[in-house]
Amino acid sequence: MLQQGEMFDKIYLEITNVCNLACPFCPPRRRPAGFLSAEDFGLYLRALEGFGRQLYFHVKGEPLLHPELGGFVAAAGARGFAVNLTSNGTLLAERAGILLGAKNLRKLSVSLHSAPGSPGLEAYWRGLSSFLDQHRERPAFPLSLRLWSRSSGLLPPETEGLWELLRGRYPSLGAWDSAAELPASIELDRRVFLNSAERFVWPDPALPQEGAEGFCRGLGNQIAVLVDGTVLPCCLDGEGLLALGNLRERPLAEILASPRARAIREGFARRLLVEPLCRTCGYRRSVSSWAGPGSGPSAGRGSRR
C-alpha cells in the first residue's frame with residue numbers, strides 16, 4: 001500500500017469540470033457541472049500533502065475558467081506544490097497576468113487541437129499570439145503547444161489553418177510541408193515547444209473491450225481527484241467510473257488501501273487490466289507520452305485534450 005510520504009509523480013486535481021468549448025474529440029460531460037470552492041480546495045490540498053508535489057489542475061473542464069485560479073495557484077505554492085495547467089487556449093490572453101505572474105507554475109500545455117471547437121480561428125489565433133508575445137518577454141515556465149498531427153486525415157480544416165499560421169510565426173517549421181511529418185517535439189522559441197502525437201480514444205464502457213492484458217501507470221505514478229472529491233486511478237476516467245473513495249469522507253491513505261484500489265494496482269503489476277473500463281482505453285494503444293520537457297499526457301495525459 002502506498003503510504004503518506006511516498007510520492008505520486010502527478011496528482012490531477014480538477015478545479016472545474018466546465019468547459020467553454022465542445023470539441024469533437026472530448027466526450028461530453030455527464031456529471032453535474034461544478035467549480036471547486038476555496039474551502040474544498042484547501043481541504044483537498046491538506047489531504048494530498050505528502051503524496052506528491054506536482055498538481056495538474058485538470059481532469060475535465062477548462063481550468064482557466066475558474067474565477068479563483070490565481071488564488072488556487074498561489075495557495076498550492078504556499079503548501080509546496082508546483083502547478084501544471086492544460087488549457088484549450090481560448091482564455092490565454094485574458095488570464096496572461098495570472099499565468100505569467102505565478103511563481104510556482106511549472107508548465108502550461110495548450111491543446112491546439114481544440115481550435116476547431118472555438119468560435120473562430122482568427123480570434124483563437126489572436127489570443128494565442130498575444131500570449132506568445134508576452135511569454136517571450138517573460139518565459140518563466142515551459143509552454144507546450146500540443147497538436148494531434150501524426151495520423152493522416154485527423155487534421156480538420158481549422159487545424160490545418162492553425163498549422164499555416166504557426167509556420168508563418170515560426171520559420172523553423174518551414175522544414176516540414178505537413179503537420180503530419182512533424183517529429184515528437186520541436187523547440188519553437190525560448191521555452192516554447194510544439195509537441196505532436198496521435199489522437200487517442202477515451203475509455204468508455206460503451207466501447208468494445210480489447211483484452212485484459214495490459215499495463216497503466218494509474219495508481220503507480222498518478223491519481224486524479226474530481227471536483228466533488230472523488231479519487232480515481234487516472235485522469236482519463238472523466239466520469240468517475242473507477243471511484244475509489246472521496247476526500248471529503250476518508251483520508252487518502254485509506255482510500256488507496258481500499259479493495260478496489262489494491263486490485264487495480266496488483267493487476268497492473270501482473271500486466272492485467274482488472275477493470276473493464278481500462279480495457280477500452282485507447283490511450284495505451286496509441287501514444288506512450290507527449291514529447292518535450294516535463295511532458296506527459298493524462299495517462300502517462302494527456303490531458304486528454
Side-chain angles (χ1 to χ4, degrees), residues 14-26 56-67 69-70 73 83-102 105-149 154-170 173 179 182 185-189 191-197 199 235 290-292 294-298 301-305:
E14 181 184 73
I15 62 174
T16 181
N17 61 6
V18 176
C19 189
N20 57 338
L21 299 183
C23 300
F25 58 81
C26 191
Y56 292 70
F57 282 0
H58 182 68
V59 176
K60 297 291 284 289
E62 171 52 55
L64 271 59
L65 279 175
H66 203 296
L69 175 66
V73 173
V83 172
N84 302 265
L85 293 172
T86 296
S87 171
N88 60 34
T90 57
L91 301 174
L92 291 174
E94 180 180 330
R95 294 295 208 167
I98 292 173
L99 298 172
L100 295 172
L105 184 56
R106 175 180 173 270
K107 181 183 176 185
L108 172 63
S109 298
V110 181
S111 299
L112 298 182
H113 38 268
S114 298
S118 65
L121 179 60
E122 181 178 350
Y124 185 90
W125 177 250
R126 185 166 56 247
L128 176 61
S129 294
S130 173
F131 185 78
L132 288 169
D133 290 341
Q134 294 177 73
H135 181 271
R136 177 177 286 165
E137 296 177 4
R138 286 194 290 169
F141 51 82
L143 178 59
S144 170
L145 305 178
R146 295 178 171 179
L147 185 65
W148 285 335
S149 63
L154 286 183
L155 286 182
E158 296 90 340
T159 310
E160 288 283 9
L162 184 61
W163 162 244
E164 293 303 324
L165 290 169
L166 282 168
R167 278 164 43 101
R169 181 182 177 94
Y170 299 109
L173 292 177
L182 290 171
S185 181
I186 304 170
E187 186 169 5
L188 300 177
D189 205 342
R191 309 197 84 182
V192 177
F193 302 85
L194 179 61
N195 296 323
S196 63
R199 179 174 177 174
C235 65
W290 288 90
S295 61
S298 305
R301 158 178 173 284
S303 163
R304 339 81 36 142
R305 281 188 290 212

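Note that these values count all heavy atoms, side chains included, but never hydrogens, waters or copies made by symmetry. Count residues from 1 along the sequence.
- Between the side chain of H135 and the backbone N or O of F141, at least one donor-acceptor pair lies under 3.5 Å.
- Closest approach of G127 to A93, counting heavy atoms only: O-CB, 3.9 Å.
- Among residues two or more places apart in sequence or in another chain, the ring-ring contact (aromatic ring centres under 6.0 Å, His included) test is passed with H66 by F35, F72.
- Residues H113 and C23 are not in side-chain contact: their nearest non-hydrogen atoms beyond the backbone lie 4.5 Å or more apart.
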May I have the step-by-step check of side-chain contact (heavy atoms from CB on, under 4.5 Å) for K107 and Y56, ending in yes or no? CA-CA 9 Å; K107 181 183 176 185; Y56 292 70; over 6 Å; no
For side-chain contact (heavy atoms from CB on, under 4.5 Å), just list the numbers for L166 and L112, CA-CA rounded to whole Å, side-chain angles, deciding distance to a tenth of an Å, and then say yes or no. CA-CA 11 Å; L166 282 168; L112 298 182; 3.7 Å; yes
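- With contacts defined as side-chain heavy-atom distances shorter than 4.5 Å, the pair I98/L64 does not qualify.
- Contact check for I186 versus Y170: no side-chain heavy atoms found under the 4.5 Å cut-off.
- Considering only heavy atoms from C-beta on, T86 comes within 4.5 Å of R146 through its side chain.
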Kindly indicate, with the supporting measurements, whether the criterion side-chain hydrogen bond (donor to acceptor under 3.5 Å, both in side chains) is fulfilled by E62 and N88. CA-CA 7 Å; E62 171 52 55; N88 60 34; 3.2 Å; yes
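- The two atoms that bring K60 and C26 nearest to each other are CE-SG, 3.7 Å, heavy atoms only.
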Can you check side-chain contact (heavy atoms from CB on, under 4.5 Å) on L165 and L128, steps first, answer last? CA-CA 11 Å; L165 290 169; L128 176 61; over 6 Å; no
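- Atom CD of E187 sits in a crowded spot, with more than 12 heavy atoms from other residues, nucleotides or ligands closer than 6.0 Å.
- Counting all heavy atoms, side chain and backbone alike, L182 lies closest to L173 at CD2-CD2, 4.2 Å.
- In this structure, CG in L147 is found 10.0 Å from CG in N195, a value given to the nearest 0.5 Å.
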Could you walk me through whether V59 and N17 satisfy the side-chain contact (heavy atoms from CB on, under 4.5 Å) test, starting with their C-alpha distance in whole Å, then the side-chain angles of each, then the deciding distance to 0.1 Å, before giving a yes or no? CA-CA 7 Å; V59 176; N17 61 6; over 6 Å; no
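- We find the CZ-CG distance between F57 and L105 to be 9.5 Å, quoted to the nearest 0.5 Å.
- Taking 4.5 Å as the limit, every side-chain heavy atom of L132 sits out of range of all side-chain heavy atoms of L188.
- L143 is not listed as a side-chain neighbour of R191, based on a closest heavy-atom distance of 4.5 Å or more.
- Between P63 and T16 the shortest heavy-atom distance is CA-CG2, 4.2 Å.
- Qualifying ring-ring contact (aromatic ring centres under 6.0 Å, His included) partners for F131, counting only residues two or more places apart in sequence or in other chains: none.
- Side-chain N or O atoms of S87 include one that pairs as donor or acceptor with a backbone N or O of G89 at under 3.5 Å.
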